[in-house]
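Throughout, protein chains are lettered first and strands after them, A, B, ... in sequence-line order, and every chain is numbered starting at 1.
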Amino acid sequence: MGDSDDYKFLQIRDAIAAVNQKVNLIGVIIEFGVPKKTRGTDWICTLKIVDESHPKPGISVNIFAESMEKLPHVVSAGDIIQLSHVVMKTHCGEVNVVFNKRFSSFALYEGKDGKDFLPYQVSSKFRPRDLDKKFIEGLRKWLVDFQLDEGLSNFSFLREIKEGDRIDLACKIVHICEVAKDEWMVFLWDGTDAPPISLPTKLEDDLSNPVPLQLEPVALQRDLLCTFPAVGTILRVIFDQGMQNQYLHLLHSGKWVKFVNVLCEVKSGFWLGILTSFTKLRYTPNDDQLISVRQRLYNERLSSERGCIPYWCFPWSRITEVDYDDVPFVTLMDVLTYSEVTAKFKCVARVVAALPWQAEDLRSPLGTYRIRLTLEDPTTRIHALLYGEDGEKFFDGYPSTDVLRLKMNKLLGVAVSDNAPRTPPWAQFCLKSYYLSKNEAWGSRQYRIFGTKLE
DNA sequence: TTGGGG
């Protein structure tokens with residue numbers, strides 16, 4: 001390519017036809033991954049770019065550099081990259097762009113909201129030119145009305161996650177925090193309920209090996225929980241080895257984001273998402289179609305009578321009878337974040353643990369019931385106590401140990417015969433929230449089950 | 001050269 005061609009930018013469509021040729025390109029980054037080490041000595045970062053001539057599915061750009069620092073550090077999907085002297089290559093029938101560190105150069109610019117034409121990062125060989133501004137301006141104008149066609153990609157709702165799956169998610173980041181020294185966690189929400197997780201067959205001793213109330217080592221403060229949506233699961237997400245610092249500065253609390261390839265696991269009976277080196281971030285403007293769908297479904301859910309009932313609870317399943325038939329249901333997150341310490345609620349939840357759980361231990365030496373149940377719904381877990389006359393109502397008096405055992409097995413979802421995992425059934429509960437010490441009302445808050453009878 | 005996916 002002679003100097004005279006240096007000003008010539010090809011449209012992506014035309015570049016695709018110029019296999020093995022050196023070209024100049026400028027495009028919008030619709031997807032990018034974090035830097036990785038190659039099997040050689042270099043680092044690589046892959047991007048996917050589009051322009052007006054090729055708005056879908058985008059073309060892959062592989063950028064090599066001798067250090068991580070020299071790779072493009074994309075701030076946000078939707079930013080613009082200018083690529084000079086890159087080579088069009090075919091691989092498995094697909095054309096992609098290869099950035100060669102010996103002669104290629106790049107410049108990164110803010111996307112459609114950019115106010116100036118100064119790149120925020122350039123490679124060492126990049127030479128700015130007066131004409132660059134015109135191309136950036138044109139792309140930004142085109143971007144304003146551009147809606148990414150997701151094509152065959154398959155974004156899941158949180159209610160569709162399965163253990164071991166790698167899924168694409170379109171979620172709101174409701175919080176990011178350091179949960180332990182140098183261990184950060186991201187909290188994602190899309191308004192749907194993650195499926196209930198089967199529990200270990202064996203009922204653990206909840207005293208020596210308690211079932212945790214949350215995945216993070218320390219429970220989140222109530223004033224933070226008050227900022228979370230009270231309906232729908234909040235998925236905890238962590239980072240694969242070495243990925244944390246790469247991802248943290250790309251994620252912002254309060255923003256919707258599309259992740260491609262998030263690993264879904266189960267840990268301690270909770271769903272856990274993991275961002276790996278294969279995870280990619282995809283362009284997610286404020287008016288994104290996938291986001292609009294999620295917001296609309298959530299608003300529909302909130303206005304429906306069943307809105308606070310877990311998605312996975314069949315309407316006819318009913319193992320408890322509760323007083324207050326006409327009171328609306330709330331979620332356990334509503335219970336946790338209610339504005340008063342003293343209050344009454346009606347919830348649908350399942351019992352994931354009991355302390356004690358053996359039928360012969362459910363009553364104190366004085367003969368009164370005293371049990372701590374761990375209740376779970378798609379939003380959170382809480383401890384709820386079942387005491388005295390509330391226990392008497394719950395168990396229909398003081399039945400024999402054999403009958404009590406059957407009742408507890410039903411409540412805890414213990415399989416009668418085989419070693420099947422435990423699947424506690426959904427049940428309705430009346431809950432009251434109260435304090436133990438008036439001087440420390442919030443600090444001494446507890447929950448009790450009342451007005452509830454096991455069938 | 002490397003990776004292009006998971």
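Note: A:F99 and A:F106 meet the aromatic proximity criterion, with ring centroids under 6.0 Å apart. Between A:Y120 and A:Y109, the ring centre distance reaches or exceeds 6.0 Å.
When side chains are defined from C-beta on, A:I238 counts as touching A:L272, because their heavy atoms get closer than 4.5 Å.
The side chain of A:K89 contributes no N or O atom lying less than 4.0 Å from OP1 or OP2 of B:dT2. At the phosphate of B:dT1, neither OP1 nor OP2 sits under 4.0 Å from any side-chain N or O atom of A:R39.
The distance between atom CD1 of A:I274 and atom C1' of B:dG6, rounded to the nearest whole Å, is 14 Å. In this structure, the CG atom of A:N261 is 8 Å from the C1' atom of B:dG5, given to the nearest Å. As rounded to whole Å, 9 Å separates atom P of B:dG5 from atom NZ of A:K36. One can place CZ of A:F278 at 8 Å from P of B:dG4, the figure rounded to the nearest angstrom. The separation between A:F99 atom CZ and B:dT2 atom P is 18 Å, rounded to whole Å. Between the CZ atom of A:F259 and the C1' atom of B:dG5 there is a distance of 19 Å, given to the nearest Å. Between A:D168 atom CG and B:dG5 atom P there is a gap of 14 Å when expressed in whole angstrom units. Distance A:N100 CG to B:dT2 P: 13 Å, rounded to the nearest Å.
Residues meeting the side-chain contact (heavy atoms from CB on, under 4.5 Å) test with A:K36, sequence neighbours left out: A:I44, A:S277, A:F278. Looking at residues two or more places apart in sequence or on another chain, you find no side-chain contact (heavy atoms from CB on, under 4.5 Å) involving A:T41.
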Quiz: residues 176-196 of chain A side-chain donor-acceptor pairs under 3.5 angstrom, not counting sequence neighbours:
residue	atom	partner	partner atom	Å
A:E178	OE2	A:D182	N	2.8
A:W189	NE1	A:V231	O	2.8
A:D190	OD1	A:T192	N	3.0
A:D190	OD1	A:T192	OG1	2.7
A:D190	OD2	A:L158	N	2.7
A:T192	OG1	A:L158	N	3.2
A:T192	OG1	A:R159	N	3.0
A:D193	OD1	A:R301	NH1	3.0
A:D193	OD1	A:R301	NH2	3.3
A:D193	OD2	A:R301	NH2	2.7
A:D193	OD2	A:Y311	N	2.8

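Atom CG of A:D132 sits about 11.5 Å away from atom CD1 of A:I80, to the nearest 0.5 Å. Here NZ of A:K70 is found 15.0 Å from CD1 of A:I63. Values are rounded to the nearest 0.5 Å.
The residue A:K101 sits close to a base: some heavy atom pair falls under 4.0 Å.
Sorted by first and then second residue, the salt bridge (Lys or Arg N to Asp or Glu O under 4.0 Å) pairs with a member in residues 142-154 of chain A read A:K56-A:D149, A:E150-A:K258, A:E150-A:R282; sequence neighbours excluded.
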(message) Let me check I have this right: for DNA chain B, each base becomes ., (, ), [, ] or |, based on Watson-Crick or G-U pairs with both distances under 3.5 Å. What is the full string?
(response) ......
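Residues from residues 59-72 of chain A placing a heavy atom under 4.0 Å of any atom in DNA chain B, listed by number, are A:N62, A:F64.
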